[in-house]
Amino acid sequence: MLTRQKSFQNDNPKLYLVGTPIGNYDDMTFRAVDTLKNVDIIYCEDTRISSMLLKHFNISTKLKSYNVVTENNLTQGLIEEIKNGKNVAVISDAGLPSISDPGYLAAVNAVKEGIDVIVIPGVSASLTALVGSSLTTNSFTFYGFLNSKKNQRIKELELLKDISNTLIIYEAPHRIKDTLTDLLSIFGNRYICLARELTKKYEEYLRGNISDILEIVDELKGEMVLIIEGKKIDEITLKLNELSLEDHYNYYLNLTNDPKLSYKKVANDLGISKSIVYNKLNKK
Ligand code: SAM
């Protein structure tokens, strides 16, 4: 069923997802300040961090804690507050809510209840790092955090390694060495950009191959984002990928006379699994 939200053509109480700075208070927008002053309540991750932000901008709105651990239990209450006539904002410690941060659950439940969801845009570490990386921005995949368990992380990287999009990954400083080491062994020595402490005094972009960054990784502190060059696709593969699956398969079959190898080559070109190619060609 189609629903239409005409955001600013009614006075109904709303859910506001408000972007906040990722380290430099000067990145706070006028609209964010205005919204946070005017809502009835602000749900935030860490009340100590958000109190400092509110104090800086002379905002006296009440704060309520709402984080990844509690959001499952607290979202229904948040929605009830809006249904009872209150305007509610959700902010995270830094950046855009809902981007590897609380916010999604509030938004999805608000939409279910017919409540308007208003985004007050702001900085996100993901797009800031991407734009500063100098890697192509034409198409990119935001992955967020990899799994902290090594075997799970390896599985995730295996799935990501054949994607030709630029890849955006968030990483914690205490895991960066392990992640770069796993990346090197699975992706090969790809070109990457590590962007750290964005918008802060010690902002730094490290651009080079994975092994170059691994050489100095022990020096690196603070918050960081990895921007990874997508898998390079040669001209022939690009042309083959434009063909129908049948023609693509037949191209390799004519060359090799080996159906198994042909399924594998098509799957490799497209960055999908062999079984998907097999099933599609055999209409399963
Ligand atoms: N919602 C946030 C956003 O829109 O950017 C992201 C929150 S996520 C929990 C935190 C991660 O974002 C950090 O571990 C780091 O990877 C990245 N991050 C946040 N602030 C950053 C900064 N100033 N410089 C570099 N990376 C940052």
Side-chain angles (χ1 to χ4, degrees), residues 15-29 31-32 35-36 42-50 52-53 56 65-72 89-108 117-135 137 140-149 153 156-157 160 166-180 182-183 192-207 210 213 216-217 219-228:
L15 169 68
Y16 293 87
L17 299 175
V18 181
T20 59
I22 57 169
N24 187 330
Y25 276 180
D26 287 349
D27 290 330
M28 187 78 168
T29 66
R31 250 183 116 200
T35 305
L36 295 180
I42 301 168
Y43 280 64
C44 68
E45 276 192 279
D46 183 332
T47 51
R48 285 164 305 179
I49 290 177
S50 296
M52 288 191 274
L53 180 83
H56 186 85
S65 164
Y66 182 70
N67 53 46
V68 277
V69 182
T70 59
E71 70 174 333
N72 265 324
V90 171
I91 60 175
S92 65
D93 287 348
L96 278 180
S98 198
I99 303 298
S100 298
D101 264 340
Y104 164 73
L105 270 185
V108 75
V117 177
I118 310 294
V119 179
I120 308 296
V123 198
S124 176
S126 54
L127 292 183
T128 308
L130 173 69
V131 172
S133 70
S134 87
L135 283 162
T137 52
F140 56 87
T141 297
F142 172 73
Y143 195 78
F145 288 99
L146 292 163
N147 202 294
S148 56
K149 294 198 185 85
R153 187 166 65 232
E156 289 174 325
L157 290 175
L160 294 168
T166 304
L167 184 61
I168 306 174
I169 287 178
Y170 284 158
E171 195 47 284
H174 63 278
R175 275 202 297 265
I176 192 71
K177 194 172 182 175
D178 289 346
T179 296
L180 286 174
D182 291 342
L183 264 175
I192 64 171
C193 172
L194 186 155
R196 68 175 194 98
E197 293 291 273
L198 291 168
T199 76
K200 304 182 200 175
K201 186 174 175 189
Y202 295 108
E203 172 177 298
E204 186 177 21
Y205 287 94
L206 294 117
R207 304 181 181 96
I210 298 174
I213 298 186
I216 50 123
V217 74
E219 293 168 26
L220 305 178
K221 296 191 173 62
E223 304 204 83
M224 30 190 90
V225 183
L226 286 176
I227 309 293
I228 301 158

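One-based numbering, in listed order, for ligands and for the atoms of each. Every value quoted in this text rests on a predicted model; they were computed, and no experiment measured them.
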N67 vs D93, test: side chain to side chain contact (heavy atoms under 4.5 Å, CB included). Steps then yes/no. CA-CA 10 Å; N67 53 46; D93 287 348; over 6 Å; no

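- Taking any N or O of A125, backbone or side chain, at least one lies under 3.5 Å from an N or O belonging to ligand 1.
- The nearest protein atom to atom 7 (C) of ligand 1, hydrogens excluded, is given as D101 OD2, 3.1 Å; this is a heavy-atom distance.
- The shortest contact between atom 24 (N) of ligand 1 and any protein heavy atom is with L198 N, 2.9 Å.
- From L146, atom CG reaches atom CD1 of I169 across 4.0 Å, with rounding to the nearest 0.5 Å.
- With a heavy-atom cut-off of 4.0 Å, A94 touches ligand 1 through its backbone alone.
- Residue R196 forms a salt bridge (Lys or Arg N to Asp or Glu O under 4.0 Å) with just one option from E204, E219, E203, E223, and that option is E204.
- When V225, L194, L226, T128 are checked for heavy-atom proximity to atom 26 (N) of ligand 1, V225 turns out nearest.
- No donor-acceptor pair closer than 3.5 Å links the side chain of T179 to the backbone N or O of I176.
- By the 3.5 Å distance cut-off applied to N or O atoms, I22 is counted among the residues near ligand 1.
- Residue contact check: L96 has heavy atoms under 4.0 Å from atoms 1 (N), 3 (C), 4 (O) of ligand 1.
- At the top of the distance list for atom 10 (C) of ligand 1, counting protein heavy atoms only, stands F145 CZ, 3.9 Å.
- Contacts between K200 and ligand 1 below 4.0 angstrom, taking non-hydrogen atoms only, involve the side chain exclusively.
- The protein heavy-atom contact nearest to atom 20 (N) of ligand 1 is E223 OE2, 3.4 Å.
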